[in-house]
Structure formats: C-alpha cells, structure tokens
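First up is the structure itself, then whatever we jot down about it.
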Amino acid sequence: MPKERIEYIDAMRGFTMILVIYSHVCVFCFKEYFIAFNDVLFLLRLPCFFMISGWLFFKATRAWDHSTVKQVLSNKFMVQIVPTFIFLALHERANFFHQLGAFKGGYWFTFGLFVFFCLYILSSLLFRRSRHRDWWMLLTAVVISMSASWYDMHYRAVSPHIGWGREFLGFIGFVTWRYYLFFFIGTLVKRHFEKFLEWTNRREVFFIVIILFALTASLPRTDYWPWVYTRFALSGIFGMVMVFTFFRYFASWFTKERTLGRSLQYVGTRTLDIYLLHFFFLPESLLLYNRQLLAYNSKWVEIGVVMGEALVVLACCLVVSYILRLSPFLAKYLFGVKQKSVVEKPQ
C-alpha cells in the first residue's frame, strides 16, 4: 500500500487509542458512563479499533498452510497473550485469578484480538474452496457476533444451566466476540480496498454515512435484544466507515510533516504499550470531584476535563514505554518487540 495510506491509518490508530483512554477515565475515574459524550463515542471506538486490526492483519498473498498458521499464531501469541497476562498479574497481583473472566480486569482487548485471529484463520480454512468465500465468512462473523451479543444480554438466565461451561465461556471472553464482525469487516475492506475507495470517494456517500451514524446512535435504548444488537452493529459499521473515510479524506493533515499527524502516528505505533500501561495511571482519586464536574451540567466542560486527564495518562504511558523499551529483554516480553538479528559481514 502507498506510504500515505499507512500514515493516516497509524494516525487513526492513535486517535482510537486516545478514545480508549478517554472512555476509561469516564468509567474508572469518574464512575460515570454517560458523561462527556462517552456513550456516543462508545459506539464507534472499539469498532474502529477492531476494523483497523483486521485491516492490518489481512495479507492478500498469505496462504493458510500449516507452517503459516503456526508461525502467525506463535508470533501473535508472544505479542498479544504473553504481555497481557504479565501486565494483568502486575496490575491485579493477589486478584489475578479472580480476573480471568470475560473482561480480565480490563485487559480483554488483546486477548480477544488473538481469539479473532484464530477465528479468522479457521473461517478462512473452512471456506477456502468456496467461490463465495467472502459471503460465507461474513455470515459466520455475523452469527458469531449475534450469538455473543445474545449470550451477553441473557447471561443471568442462561449461565445457571451450562455449569462449568460458564467459566469456560468467561475465560475465552465469549461475550466480547460480538466485536468479531468489525474485525472481519476490516479484513474485507482490505481485500476489496479499491472498491471501497471507489464507493467512499463520493462525498454524498460520506455525508450519508455520517447521517446514518447519527440516526442509529440516537435510537432509544431498550432491553429488546434484536433492537439492541441492530443498534450496536449498524452504529459500529457506520461509525468506523465514517472515521476511516475522514482520516483518508484529510490524509494531508496526518502526515509526519504536521505536528498533529506526527503525534497521532507516534501514538498509533505504541498502541499496545499504551493499552497495557494506562490502567496503572488512571487517577481513581478523580471520583472525589465527580459531583463538582456534573454540577456544571455542560458537556463541553466534561469533555475538556476528561480529555485533559486522558492526555496526562497518555503522556505517562509514553514516557514509561520509552524507558522500558531501552531494555531489549523488557521490550520483547512486555510489548512483543521483535529483536533485530545481527548479520555478520564476511571478512
């Protein structure tokens, strides 16, 4: 892919990482889900993250033979799983084994992403001989996503009847598999990128997507599962297409020659480090100022305060990441950094 596309994609990764911290400041620090438009940003934040992950994972020239599957999964295991459990153990300490459920003390994303790699590979192998492989894989992704969403909403009614299976489904994070749809769509966009560009290059399409996202995001919340899943899926799809297209349209803003682009790209290349580290810097003491913040009754004040705290947390993570990466050993096992092999020149 052209270099410019990689730049705006890295910038988009950085943007979505900031949104993750932003959300966690709302939820973990202020204990408020609905402040600072967090309930709206929630609808596009993780879909964007998983779409980018799928986009980066897909390689058109990759053939899923035994050696490729083994190599890819072993590499992903070292990058996604090993660091996740190291940081989970460091953060939770004595509560480590109590945090091995679906959300793993907040460290579910990297674990879930590894599972999505496995699901995609299995799906690719299952339908590799089909002429309609994309459609079958999309249908599989929809079924997986809907099943996970249904289980999440009916957990209390279903869990007493499945015994030990409840613990197993919790450990593999089955409820988070509802995001697999967005991961797969990311691979689909990469596979048919020229068609995607042709479709989204029309400005009327971009504005229609924005309107559709606004409409689905404003739909009333209910406990009726089909309605809940429809709102979740459509707002996620429209949201991630909207954000992806925005960064592509304005790619000139996000080059390394511009401060904004350079900053977002740097954050985008450190998303794993930031994700693993940021839980250590979330200031829980902000709960003391919760009532004062809500008393302003202004979303813009809330946005300013929450974003300010998120940027402070981000800065702390980047500093610590830089220091830890000075050690090749820590860089390898904490952040999955591949060690560069030194080739000796012949005398």
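The chain is numbered in sequence order, starting from 1.
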I'd like to know if the side chain of Lys104 reaches the main chain of Gly101, judged simply by a donor and an acceptor atom lying under 3.5 Å from each other, with no hydrogens or angles considered.
yes
Checking side-chain polar atoms at under 3.5 Å, does Tyr151 have a donor or acceptor matched by the opposite partner on Ser159?
no
Taking the ring centre of each residue, are Trp177 and Tyr180 less than 6.0 Å apart?
no
Side chains of Tyr22 and Met17: closer than 4.5 Å at any heavy-atom pair?
no
Can any side-chain N or O of Asp152 pair as donor or acceptor with the backbone N or O of Ala148 at less than 3.5 Å?
no
Would you please indicate yes or no on a ring centroid separation below 6.0 angstrom for Phe182 and Phe232?
yes
Using the six-membered ring wherever Trp is involved, compare the ring planes of Tyr120 and Trp64 and label them parallel, tilted or perpendicular (cut-offs 30° and 60°).
perpendicular
Got a second to check how far Ser123's OG is from Arg133's CZ, nearest 0.5 Å?
9.5 Å
Salt bridge or not between Glu198 and Lys195? Use side-chain N to carboxylate O under 4.0 Å.
no
With a cut-off of under 6.0 Å to the ring centre and 45° to the axis, is Arg62 in cation-pi contact with Phe57?
yes
For Gln265 and Phe254, indicate whether the former's side chain and the latter's backbone hold a donor-acceptor pair under 3.5 Å.
yes
Quick check: do Phe49 and Leu19 have side-chain heavy atoms less than 4.5 Å from each other?
no
Is there a donor-acceptor contact under 3.5 Å from the side chain of Asn201 to the main chain of Leu197?
yes
For Phe117, run the ring-ring contact (aromatic ring centres under 6.0 Å, His included) check against Phe184, Phe183, Phe77 and tell me which one passes.
Phe183
Here's a test for you: under ring-ring contact (aromatic ring centres under 6.0 Å, His included), which of Phe279, Phe96, Phe280, Phe85 qualifies with Tyr107?
Phe279
Check: Arg231 side chain, Ala217 main-chain N or O, donor-acceptor pair, under 3.5 Å
yes
Give a yes or no answer on whether the side chain of Arg262 reaches the backbone of Lys256 with a donor-acceptor pair at less than 3.5 Å.
yes
Give a yes-or-no answer on whether the side chains of Thr200 and Arg248 include a donor-acceptor pair shorter than 3.5 Å.
yes
Is it the case that one hydrophobic cluster holds both Leu212 and Trp199, taking links as side-chain heavy atoms less than 4.5 Å apart, direct or via other members?
yes
Output yes when a side-chain donor or acceptor of Tyr275 lies under 3.5 Å from a complementary backbone atom of Phe109, and no otherwise.
yes
Main chain of Ser252, side chain of Arg258: is a donor-acceptor contact present, judged purely on distance under 3.5 Å?
yes
Could you go step by step and tell me if Phe28 and His24 meet the ring pair (Phe, Tyr, Trp, His ring centres under 6.0 Å) rule?
CA-CA 5 Å; Phe28 292 107; His24 287 174; 5.2 Å; yes
Whether the side chain of Asp65 engages the backbone of Thr68 through a donor-acceptor N/O pair (distance < 3.5 Å, no angle test) should be reported.
yes
Decide if the gap between the ring center of Phe329 and the ring center of Tyr333 is smaller than 6.0 angstrom.
yes
Is the distance between the ring centroids of Trp150 and Tyr155 under 6.0 Å?
no
Distance flag, aromatic centroids of Phe247 and Tyr8, threshold under 6.0 Å
no
Does some side-chain heavy atom of Leu122 sit less than 4.5 Å from a side-chain heavy atom of Leu126?
no
Applying the side chain to side chain contact (heavy atoms under 4.5 Å, CB included) test to Ile18, which of Val313, Leu314, Ile274 qualifies?
Leu314
